[in-house]
Amino acid sequence: MAVVIESDSFDPWQALQRHQDSLVGGSFGATAVFVGSMRDFNQGDEVQGMTLEHYPGMTEHQLEAIAAEAAEQWPLLDTLIHHRVGDIDPAEPIVLTAVWSAHRAAAFEANRFLMEALKSRAPFWKREQLSDGEERWVEKNTPGY
Amino acid sequence: MAVVIESDSFDPWQALQRHQDSLVGGSFGATAVFVGSMRDFNQGDEVQGMTLEHYPGMTEHQLEAIAAEAAEQWPLLDTLIHHRVGDIDPAEPIVLTAVWSAHRAAAFEANRFLMEALKSRAPFWKREQLSDGEERWVEKNTPGY
Amino acid sequence: MAIKVKFFASLREWAGQSEVMLEPEGLASVADVLKASTGERGGSDSVLCALNFETVSLSHAVKDGDEVAFFPPVTGG
Amino acid sequence: MAIKVKFFASLREWAGQSEVMLEPEGLASVADVLKASTGERGGSDSVLCALNFETVSLSHAVKDGDEVAFFPPVTGG
């Protein structure tokens with residue numbers, strides 16, 4: 001299980017490959033992955049950039065707790081969470097969640113749980129820079145269900 | 001939308017990166033991915049290898065129909081399906097499904113739909129080589145829900 | 001023309017053939033094709049049928065030029 | 001020791017400070033910490049509180065050495 005807070009841009013596919021290389025091949029039959037990326041459009045406005053503030057310490061604590069809850073609820077072989085902080089450009093990845101399991105039902109459900117829990121509990125806050133120069137805090141996340 | 005039937009081993013993370021490079025960055029906020037890999041253990045037996053038979057023509061037709069159904073049901077920007085056929089070694093990837101969407105609910109749900117539809121409708125058949133020399137057809141897929 | 005019949009996986013082994021071409025005369029349904037190609041009269045839960053790449057039931061009509069396939073439950077993914 | 005108080009995002013801007021150390025005397029609850037650090041008496045749906053990295057309610061007890069944080073609804077992911 002790994003939780004990584006990234007202040008630089010990261011490649012989710014390389015991160016997955018690197019992490020999976022550390023697992024025993026043949027043990028997992030199912031890998032479910034989610035990648036959230038920065039869109040250049042939100043709530044009807046063009047977005048030029050974003051700054052992600054977080055609460056160092058609590059962020060890692062909450063993400064590790066969420067991963068541990070998933071591992072209690074489903075038979076998982078491993079979990080990976082990456083999350084960007086700081087200044088982010090459109091199209092850059094913001095978040096990566098991944099789980100490895102023997103079977104697909106556990107992988108799908110646990111991975112979705114990770115993302116929904118992260119969205120509602122992990123202390124990150126987005127501030128958007130619009131193309132007209134305005135800046136605004138994103139007030140709440142869109143519902144996942 | 002792309003459907004690829006692979007007779008050689010493929011790297012799902014590289015396939016994702018390559019495919020995503022063809023999409024317009026900033027347009028998608030959510031990417032959901034599933035990778036099914038060959039386990040070295042099934043139904044209590046050690047498995048040494050597997051041969052995946054398929055129905056050329058119908059396979060592509062069914063996978064394209066499944067991807068089209070997903071695109072009707074959810075607002076998707078793109079869909080990618082890779083599936084191995086032929087002789088497969090333990091730990092090798094068998095299937096990759098991925099969808100790109102503006103929002104995560106659509107991405108999660110459409111990607112799960114793809115996998116469940118593929119499992120129940122796409123004409124593939126697995127034959128396992130066990131470590132004691134026995135060979136057997138896998139009789140049915142495990143339920144996804 | 002003719003009706004092309006294909007068998008896959010365990011049904012290919014059971015039928016002892018992977019492909020056969022049948023003259024269309026006297027073949028009205030998928031069930032007729034199954035009987036003509038294998039001697040089997042009915043299907044079972046473990047025999048699935050496809051007509052021109054779409055899954056159909058045994059009672060589905062066939063015509064000259066069709067491709068019919070018989071196979072067990074699918075196990076891909 | 002002391003009670004460390006942190007503010008994040010729009011609440012940091014509203015409070016005009018990101019961190020302050022308070023003497024623990026007279027501070028029994030998270031609500032007391034909010035009032036002592038900002039003058040604000042109550043919370044609202046848009047003020048969330050954490051105590052030592054766990055989300056808690058305003059009525060939760062505090063003690064010397066605790067870290068208390070106030071922030072708006074989270075918007076990560």
K.L.:
Got a second to check how far A:Glu53's CD is from D:Ser18's OG, nearest 0.5 Å?
P.N.:
9.0 Å
K.L.:
What do you reckon, is CD of A:Glu139 surrounded by more than 12 foreign heavy atoms closer than 6.0 Å?
P.N.:
no
K.L.:
Quick one: are A:Met58 and D:Glu67 in side-chain contact, heavy atoms under 4.5 Å?
P.N.:
no
K.L.:
Under 30°, 30 to 60°, or over 60°: which ring-plane class applies to A:His61 and D:Phe53, parallel, tilted or perpendicular?
P.N.:
tilted
K.L.:
Does anything in residues 117-129 of chain A get under 4.5 Å of chain D by heavy atoms, and if so which residues?
P.N.:
A:Leu118, A:Lys119, A:Ser120, A:Arg121, A:Ala122, A:Pro123, A:Phe124, A:Trp125, A:Lys126, A:Arg127
K.L.:
Taking everything shown except D:Gln17 itself, do over 12 heavy atoms lie less than 6.0 Å from its CD?
P.N.:
yes
K.L.:
If every non-hydrogen atom of A:Tyr55 is compared with every non-hydrogen atom of D:Ala50, which pair is closest and at what distance?
P.N.:
CE1-CB, 4.5 Å
K.L.:
On a heavy-atom basis, which atom in A:Val138 and which in D:Thr75 lie closest, and how many Å separate them?
P.N.:
O-CG2, 3.2 Å
K.L.:
What part of A:Glu60 lies closer than 4.5 angstrom to a heavy atom of chain D: side chain, backbone, both or neither?
P.N.:
neither
K.L.:
State, to 0.1 Å, how close A:Pro56 and D:Phe8 come at their nearest heavy-atom pair, and which atoms those are.
P.N.:
CD-CE2, 4.4 Å
K.L.:
With a 4.5 angstrom heavy-atom cut-off, is it the side chain or the backbone of D:Glu13 that approaches chain A, or both, or neither?
P.N.:
side chain
